[in-house]
Amino acid sequence: MQKIKMKTALVELDGDEMTRVLWPVIKEKLILPFIELKTEYYDLGIRNRDHTDDQVTVDAANAIKKYGVGVKNATITPNRERVEEYGLKKQWKSPNGTIRAMLDGTVFRKPIIVKNIKPFVKSWKKPISIGRHAYGDVYRNAEIKTQKGGKAEIVFTDKLGNETRQTIMEFSGPGIIQGMHNTEASIASFAKACFEYSLEEKIDCWFATKDTVSKIYDQTFKTIFEDIYKTEYKEKFSAAGISFFYTLIDDLVARIMKTEGGILWACKNYDGDVMSDMVASAFGSLAMMSSVLVSPHGYFEYEAAHGTVQRHYYKHLKGEKTSTNAVALIFAWTGALKKRGELDGLPLLSGFSDRLEKLVIETIEDGYMTGDLAAICEPGAKKVLDSIEFLDALAKRLEHGYSE
Ligand code: NAP
Ligand code: MG
């Protein structure tokens with residue numbers, strides 16, 4: 001069989017722990033036998049980030065700017081325990097934060113639905129996608145902890161040296177202060193990315209903030225969304241039979257529980273961080289959530305929504321079998337290859353990715369799955385597979401031409 005050829009390289013960002021164990025196995029069993037894979041490899045494993053003083057993360061983000069498409073493995077965001085565990089020079093920043101700050105954009109997360117796993121929320125019948133603004137707010141903040149009393153102010157100095165200031169608090173004792181920002185350009189591109197996604201998927205777009213409390217910050221998000229919708233998308237939306245709905249965040253979380261899904265939920269950065277894990281878990285498993293960063297400059301970075309699955313990795317190190325679900329990692333690869341195929345005019349590459357995705361779903365629906373899904377599937381699993389057995393089952397089906 002002829003392998004599928006690629007034109008342009010994918011940027012490959014490797015990561016840590018259990019997902020680092022699975023990464024080369026996914027390539028070896030599911031991709032390399034079928035594709036003449038071209039990648040530019042960056043090792044974002046914690047040891048190499050430490051060794052390069054995190055330059056490798058910056059280099060990888062620049063490579064995504066050069067080639068347009070990246071696929072990223074899960075990485076450790078070091079905290080104090082990790083600094084000790086790996087003997088790190090310091091608590092390096094989250095690689096995802098660094099990359100998102102460089103590429104800007106919106107992260108779209110979508111649950112991968114299989115018919116034998118029912119969402120925990122009974123009314124949810126269709127996937128709920130999350131569009132997470134990937135720039136600013138608390139992720140690019142400045143924080144101060146004060147030991148003594150004093151006055152905290154927020155000061156803005158424009159280019160001519162004019163100051164605008166406001167008192168935040170007159171402290172009489174120790175306290176904490178936080179400053180954060182966003183830019184109108186980034187919010188506008190977040191809004192556009194969400195409206196485009198809704199149009200492409202033909203689903204309604206819901207957006208919420210807390211503009212009643214945050215009368216300038218959150219209200220700016222609301223106004224920008226509404227203005228862009230009115231001037232650029234209203235007609236396109238009604239032609240597509242979909243709508244845009246704005247409400248307060250607490251109202252939205254209550255309402256979404258009663259919908260049947262099939263919605264894009266546009267979230268501010270922090271809301272998206274929290275809500276995407278809730279939505280993923282409610283649809284079954286963190287390992288069944290795909291994720292892509294869409295930059296307004298036309299760059300795409302595909303990843304799994306979950307982390308490095310630390311607990312499974314420690315079992316693996318002890319020589320025990322693990323049943324780690326590789327589905328979201330596989331969908332990161334298929335998403336990236338599909339986009340590469342689209343951009344480079346290679347329908348065979350996109351077609352292969354579609355076929356692999358379909359086959360993953362069929363395999364689970366036929367009853368062959370890892371432990372996380374077996375615990376919740378109905379009817380029960382035919383066979384609970386370990387991490388590698390699941391990949392072998394997929395490889396076998398690929399070779400035998402399932403889903404063709
Ligand atoms: P995690 O890797 O998301 O895993 C949390 C738990 O969710 C696991 O212990 C496991 O539950 C379940 N789970 C997640 N993915 C699974 C999979 N593929 N198959 C089966 N079960 C899965 O979060 P964590 O272990 O708390 O965090 C580990 C590291 O990941 C941290 O250092 C964090 O910084 C990093 N992280 C990275 C990213 C990223 O790079 N995008 C995102 C989040 C976290 P059971 O233990 O019950 O089986
Ligand atoms: Mg999160």
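As the structure lists them, so they are numbered: ligands from 1, and atoms in each ligand from 1.
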Asker: Below the 3.5 angstrom mark, is there an N/O of Glu17, backbone or side chain, next to an N/O of ligand 1?
Answerer: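 In fact, backbone or side chain, Glu17 has no N or O that close.
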Asker: Under 4.0 Å from any heavy atom of Thr77, which atoms of ligand 1 are there?
Answerer: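 So the answer, numbered in order with elements, is 32 (O), 34 (O).
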Asker: Give the atoms of ligand 1, by number and element, whose distance to some non-hydrogen atom of Leu286 is under 4.0 Å.
Answerer: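 Answer for ligand 1: 3 (O), 7 (O).
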Asker: Taking C-beta and beyond as the side chain, do Val292 and Tyr197 meet within less than 4.5 Å on heavy atoms?
Answerer: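 No, every pair of side-chain atoms sits at 4.5 Å or beyond.
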Asker: Does NZ or CZ of Lys236 come closer than 6.0 Å to the centre of the six-membered ring of Tyr233, within 45° of the ring's axis?
Answerer: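 Flagged: Lys236 positioned over aromatic ring of Tyr233.
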Asker: Using a 4.0 Å cut-off to any heavy atom of Arg82, which atoms of ligand 1 qualify?
Answerer: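 The list of qualifying atoms is 29 (C), 31 (C), 32 (O).
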Asker: Short list, please: which atoms of ligand 1 are under 4.0 Å from a heavy atom of Ala74?
Answerer: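 By the 4.0 Å cutoff, the relevant atoms are 40 (O).
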Asker: Does atom CD (Gln2) have a neighbourhood of more than 12 heavy atoms from anything else shown, all under 6.0 Å?
Answerer: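 No, not enclosed.
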Asker: Quick one: sort the Phe245 and Trp206 rings into parallel, tilted or perpendicular, breaks at 30° and 60°.
Answerer: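 Perpendicular, since the angle between the ring planes exceeds 60°.
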Asker: Against heavy atoms of Gln310, which atoms of ligand 1 measure under 4.0 Å?
Answerer: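 With Gln310 as reference, the close atoms of ligand 1 come out as 25 (O), 28 (C).
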Asker: Hey, which atoms in ligand 1 end up nearer than 4.0 Å to a heavy atom of Thr324?
Answerer: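 It comes down to these atoms of ligand 1: 17 (C), 18 (N), 19 (N).
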Asker: Got an N/O contact under 3.5 Å between Asn325 and ligand 1?
Answerer: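 Yes; the residue has a nitrogen or oxygen that sits under 3.5 Å from a nitrogen or oxygen of the ligand.
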Asker: Examine the proximity of ligand 1 to Asn96 and report which part, side chain or backbone, both or neither, has a heavy atom under 4.0 Å away.
Answerer: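 Only the side chain of Asn96 comes within reach of ligand 1.
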Asker: Can you find a non-hydrogen atom of His312 under 4.0 Å from ligand 1?
Answerer: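 A heavy atom of His312 does come that close to ligand 1.
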Asker: Using a strict cut-off of 4.0 Å, indicate which atoms of ligand 1 neighbour a heavy atom of Lys72.
Answerer: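 The list of qualifying atoms is 40 (O).
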Asker: Measure up the Phe190 and His133 rings against each other and bin them: parallel (under 30°), tilted (30 to 60°), perpendicular (over 60°).
Answerer: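 Answer is parallel, since the angle falls under 30°.
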Asker: Take atom NZ of Lys89 as the centre, draw a 6.0 Å sphere, and report whether it contains more than 12 heavy atoms from other residues, nucleotides or ligands.
Answerer: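 For Lys89, atom NZ is crowded (more than 12 foreign heavy atoms under 6.0 Å).
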Asker: Using side-chain heavy atoms (C-beta onward) and a distance below 4.5 Å, is Leu343 in contact with Val69?
Answerer: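 Yes, close enough: below the 4.5 Å cut-off.
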